[in-house]
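Notes to accompany the following structure.
We name chains A, B, ... by the order of the sequence lines, and we start the count at 1 in each one.
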Amino acid sequence: MDMNLNFNEIEKKWNAHWEKEDLYNVEMDISKPKFYVLDMFPYPSGAGLHVGHPLGYIASDIYARYKRMKGYNVLHPMGFDAFGLPAEEYAIETGIHPADSTEANIKRYCEQMKLLGFSFDWNRMIKTCDPKFYKWTQWIFTQLFEHYYNSFEDKAKSIDSLIKIFEKEGNTKVKARHENKNAFSANDWNLYSDKEKSEILMDYRLAYRKVGYVNWCEKLGTVLANDQVKDGISERGGHPVEKKAMTQWYLRITAYAERMITGLQTLEWSDALKTMQANWIGRSEGATILFDIINSDKTLEIYTTRPDTIYGATFMVLAPEHPYVAEQTNEHQKKEVEKYISYVNSRSEIERMAEKKVSGAFIGAYAYNPFTKKEIPIYISEYVLLDYGTGAIMAVPSDDDRDEAFAEKYNIDIIQVIDKSDFPGATLHDKVGKIINSDFLNGMEVIEAISAMCAKIEEMGIGEKKINYKLRDSNFSRQRYWGEPFPITFDSNNIAHVSDISELPVTLPHTHDFIPGKGGESPLSRIKDFLNPKEGIKRETDTMPAVAGSSWYHLRYMDPNNDEDLASAEKINYWQDVDLYVGGAEHAVAHLMYARFWHKFLFDLGKVPTQEPYKKLVNQGMIQGVIEYINLQKEKIDGVNRFVSIEIVNEEEKTQWVKIPVHVDFISDYGSENSYLDANGIKQFLDWRSAYKGNCSFESKKGIYNEKNLPNDFRLTTISEVGKMSKSKFNVINPDEVVEKYGADCFRMYEMFLGPIEQSKPWDTQGIDGVYKFLKRYISLFFKGENFLLSSEKATEEELKILHKTIKKVNHGIERFSFNTCVSAFMVCTNELKKIHSNKMEILSPLNILLAPFAPYITEELNSVMRGNSRSVHLEVYPTHNETYLQEEAFDYPICFNGKKRGMHSFPSSYSPKQIEAEVAKLEVFRKWTEGQTVRKVIVVPKRMVNIVVS
RNA sequence: GCCGAUGUGGCGGAAUUGGUAGACGCGCUGGAUUCAAAAUCCAGUAUCUUCGGAUGUGGGGGUUCGAUUCCCCCCAUCGGUACCA
């Protein structure tokens, strides 16, 4: 072995070795406790793995290796989230089939990941686009279709059992999550046609079809989920999005809203994430109240969280789309209402978000306030949303700022009903104060009044307590090619049927005609064999969204090749749930909500033994890239493009310049404040953007040059901005070159050394030399001169202290997920051992084991030389520290008076604080110091100080 | 607006969770080695200072013998979210 290790060589050697030995293969083993460490699997993008991806993978790998060495049976798999829009967009651009580009990207990702020495069990690799995998995604969908949510038992039950109830007693006694409120008897049910029955059942299913307003993106040719739309623009591609009524598949996630809220308490997730989820679900307690409409037999149902303020309700507001608008508007107001509705429809999503105007129209009808006994006008306004609550509100201008603004604009009475004078800091939203002007509620506190009013309306039979959620059922249809087909067929009556398990998977047909159809036609509808498998049978041609596969993939890793079940009961029972889940916070809502929902559903089916899929979750921060631009003058001068170094562009003229992004590969001093393009970089830039070739000038303090006469020391300073690493910003840094230069171990340790993994930070390689130096110094511990030489002498007390101190710090650091402090501990340890020229086997062997999860290659190599190729260092037991070596014989205690240091004294470190206190009192100096003062107390902080408090 | 997080040297960041703030690394300064460079090693590196100290963890107050850590108010940055009744 050579002291100047060739990292790339030993990486290749050990990778091959580990693969041959199948070192990281894991099987069920009931003799060991299990531990499941999971990374959010990546979407295999064309840009390859960038330096940000591995941040989480390295952390989870260290933890997985650590747990394995602690005696756990660790499941640590990796796979690919392979369905989705980007591959399809790429396919439309290039004609390359998504299956082919995805496969190529996966291959590249695998190679890159293997390079980094992760201990994944590659035998368990999964891809969501693999029919063997999506067979079970489809199967779960069939189960959602075949179940409804029984609110009485608070779990999903089969549709068959619901049909039996309908046949016996109709739907009046059924407590379930559904939308339609029409009641029917057993007799009614039995007389319904198949078509009618199927429509009623559809209203109960957990996977159902309905007409809904969806986010339609014409450019992408598909429907998008709410969280794929940002500011009225699609997250992917930035195209405009509009509301459109379409018949779509939905998943009744709202049925699980309550369980998803309560479940949060059991999770070891960050508070930030838990509140994000809680806000997304948006639970609110309130009541529905019925208001009679004057001169009509109809009643208007509203939802409010503040029934106590009903004496202040001076008008009603409906959503413009509310069904009553058409039937209750009187002749006189018709014109105005129609005008308002067309105004609302003309306003795009973006406009509505940008400017919130107070606007509305009176429909000419009145409602009867059952408490004030007054007739109050009914308005429509866009600030009331159709799909929240009942789509109608009682407006209390004294206690809601939107209602107040509306009342002011339309000159409606405002009646104060709450006296908040006892609560000076309280806002309109705070539920505090005394009720006034409210008859029987007068004098009550708000909280008290709410329950009194709830009781009253229930007694009067005009309303009831109700819990509402902001969470909406999730749209599950995409009119796209590259996704899981639905296991659904329609018969000649257009009744939907799910495929039997024997017919699964419904394979995605191979075609090159994957361009989205106009107006929401799915590409699959153009494939006749797929569309009409049999005479009179039509298949569903939409596909599932990308979140489908990732909602349950954690279970498939447990038993990835099972053709009989999504995973065998035995294996699910053994592996249970994910103990540690690591991934980016960008999936905080969508993916984690779906996964929790599906997991709970599978729990109801008895498929999984746990309520929650991911026990502990760590969100790694993003490693951002620096985007580099050069300045180009907007106007060409004599047909010449003028590029100017930023230090000579002055502030006022900034508007005359445009920023041209430059590929980071051409930049010198990348990531530093003074990054620049040198002459060579400019040449590369011109080869890359050949349109500028031969017609541009470059200017810096040095002077103006063209590409032909550029001096070698020319520098064009660039503008650096921190932003997401992305192919389109030309700032993706792949780990490959870093690994080639410094080695995988160094790359791993450097990424951990950057700081806490939860934090986002821009990538820079400024400090990587420090880690590289550390590794070289570490290796040099094992050498004397050029020769590998370790001493078998017994270790000294001092050496043992250094070792055990490090073991303690590293163990503690790993447990807290604070890997940067672990790396520091290794550096300190190496420096200290180096200083005393320690080269004892007894010290270096355990130290090497300690370092193994961080630097798997180097430690394996050293281990094999040290112990003669015996056993992989990764199969060793992780060292634990021995307290006795950490104790010092004596410790110098600063003696302080009221916190001020007055002297030092040495006490044996085995002394307890009490013993020290007694000893201090006996000291000669103590008497001298305390003369004439009262000693209030003596505080002994072990290994820190003795403080004497006097007054 | 609301919710959440963060704020410590020139920089990335430590601090055993209330106990000597600035570990470790980068950068910088000086030195050794070298014909020279790289590499390596050694020393120094918060600020002010009359060299005894004084001041310092975004700002202001509080609790405490003692606060980066706990409490209250304010400021800044980042992330999420928004007519949700």
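The aromatic rings of A:Tyr410 and A:Tyr379 lie tilted to each other, with the angle between the two planes from 30° to 60°. Taking the six-membered ring for Trp and thresholds of 30 and 60 degrees, A:Phe406 and A:Phe315 have nearly parallel ring planes, at less than 30 degrees apart. Under the 30°/60° scheme for interplanar angles, the aromatic rings of A:Tyr388 and A:Tyr303 are found to stand perpendicular.
Distances from the side chain of A:Lys470 to the nucleotides B:A85, B:C84, B:C83 place B:C84 closest. Considering only the side chain of A:Thr275, B:G4 comes nearest among B:G4, B:A85, B:G13. When distances are taken from the side chain of A:Phe753 to each of B:C83, B:G4, B:G25, the shortest belongs to B:G25. Comparing B:A14, B:C3, B:A85 by their nearest atom to the side chain of A:Asn279 picks out B:C3. The side chain of A:Arg472 lies closest to B:C84 when the candidates are B:A85, B:C84, B:G4. Side-chain proximity of A:Leu385 to the nucleotides B:A85, B:G12, B:U81 is greatest for B:A85. Picking from B:A85, B:G4, B:A15 the nucleotide with the shortest atom distance to the side chain of A:Arg816 gives B:A15. Listed nucleotides B:G12, B:A14, B:A85 differ in distance to A:Ser284; the shortest reach to its side chain belongs to B:A85.
Look at the P atom in both B:C51 and B:U57: the space between them is 26 Å, to the nearest Å. Taking atom C1' on both nucleotides, B:A76 is separated from B:U29 by 34 Å, rounded to a whole Å. For the P atoms, the distance from B:C73 to B:C2 is 13 Å, rounded to whole Å. Look at the P atom in both B:C78 and B:G25: the space between them is 32 Å, to the nearest Å. Separation of the P atoms belonging to B:G27 and B:U77 is 32 Å when rounded to the nearest angstrom. A distance of about 26 Å separates the C1' atoms of B:C65 and B:G59, rounded to the whole Å. Atom P of B:C24 sits at a distance of 13 Å from the matching atom of B:C42, rounded to the whole Å. Here the separation of B:G13 from B:A23, taken at their C1' atoms, is 10 Å to the nearest Å.
For the OP1/OP2 pair of B:G79 and a distance below 4.0 Å, the side-chain nitrogens and oxygens of A:Asn619 include no atom meeting the criterion. Dashed line: the shortest gap from a side-chain N or O of A:Arg777 to OP1 or OP2 of B:C41 is under 4.0 Å. Residue A:Tyr469 places no side-chain N or O under 4.0 Å from the OP1 or OP2 atom of B:C84. Residue A:Lys761 places no side-chain N or O under 4.0 Å from the OP1 or OP2 atom of B:G13. Neither OP1 nor OP2 of B:A5 sits under 4.0 Å from any side-chain N or O of A:Gln759.
We find that CG of A:Leu300 is positioned 18 Å from P of B:A85, with the value rounded to whole Å. Rounded to whole angstrom, the span from the CG atom of A:Asp769 across to the P atom of B:C28 amounts to 11 Å. Atom CG in A:Asp401 sits about 11 Å away from atom P in B:C2, given to the nearest Å. A straight line from CD1 of A:Ile467 to P of B:A85 spans 14 Å, rounded to a whole angstrom. Between A:Met276 atom CE and B:A5 atom P there is a gap of 11 Å when expressed in whole angstrom units. Atom pair A:Glu586:CD and B:A5:P shows a separation of 20 Å (rounding to whole Å applied). When rounded to the nearest whole Å, the span between CG of A:Asp764 and P of B:G25 equals 17 Å. A straight line from CD1 of A:Ile302 to P of B:C84 spans 15 Å, rounded to a whole angstrom.
Within the shown strands, nothing qualifies as a pairing partner of B:U34 under the Watson-Crick or G-U definition with both distances less than 3.5 Å. Checking B:G1 for Watson-Crick or G-U wobble geometry (two distances, each under 3.5 Å) identifies B:U81 as its partner. Base pairing analysis places B:G27 opposite B:U45; the two distances defining the Watson-Crick or G-U wobble pair are each below 3.5 Å. Under the Watson-Crick or G-U wobble criterion, with both distances below 3.5 Å, B:G7 is paired with B:C75.
At the heavy-atom level, A:Lys808 lies nowhere under 4.0 Å from the strands shown. Counting any heavy atom pair closer than 4.0 Å across all strands shown, A:Asp271 reaches no nucleic acid atom.
If A:Gly770 and A:Ala272 are placed on RNA chain B by their nearest nucleotide, the residue sitting closer to the 5' end is A:Ala272. Judged by closest nucleotide on RNA chain B, A:Leu273 is the one of A:Asp387 and A:Leu273 placed further toward the 5' end.
A donor-acceptor pair shorter than 3.5 Å cannot be found between the side chains of A:Ser359 and A:Tyr343. Defined by atom type and a distance below 3.5 Å, a donor-acceptor pair is present between the side-chain atoms of A:Asp473 and A:Thr254. In summary, the side chains of A:Asn468 and A:Arg283 do not present any donor paired with an acceptor at a separation below 3.5 Å, with no hydrogens or angles considered. With hydrogens and angles left out, the side-chain atoms of A:Lys809 and A:Thr821 include no donor and acceptor closer than 3.5 Å. Counting only N and O atoms by type, the side chains of A:Asp403 and A:Tyr383 include a donor and acceptor under 3.5 Å apart.
Looking only at distances, a side-chain donor or acceptor of A:Tyr340 sits under 3.5 Å from a matching main-chain atom of A:Glu382. Remark: side-chain polar atoms of A:His804 are paired, donor with acceptor, to backbone N or O of A:Asn882 under 3.5 angstrom.
A heavy atom closer than 4.0 Å to some atom of RNA chain B occurs in A:Asn820, A:Thr821, A:Ser824, A:Met827, A:Val828, these being the qualifying members of residues 820-828 of chain A.
Here B:U8 is in the anti range [glycosidic angle more than 90° from 0]. In B:G66 the base sits anti relative to the sugar, since the glycosidic angle is further than 90° from 0.
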In 5'-to-3' order, the base (B), backbone-only (S) or no-contact (-) status of each nucleotide in nucleotides 63-73 of chain B, using a 4.0 angstrom heavy-atom cut-off, is --B--------
Stepwise, does the ring pair (Phe, Tyr, Trp, His ring centres under 6.0 Å) test hold for A:Phe817 with A:Phe819? CA-CA 6 Å; A:Phe817 246 71; A:Phe819 299 113; 5.0 Å; yes
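In A:Lys465, the NZ atom is not crowded: 12 or fewer heavy atoms of neighbouring residues, nucleotides or ligands sit closer than 6.0 Å.
The ring of A:Phe826 has its center closer than 6.0 angstrom to the ring center of A:Phe854.
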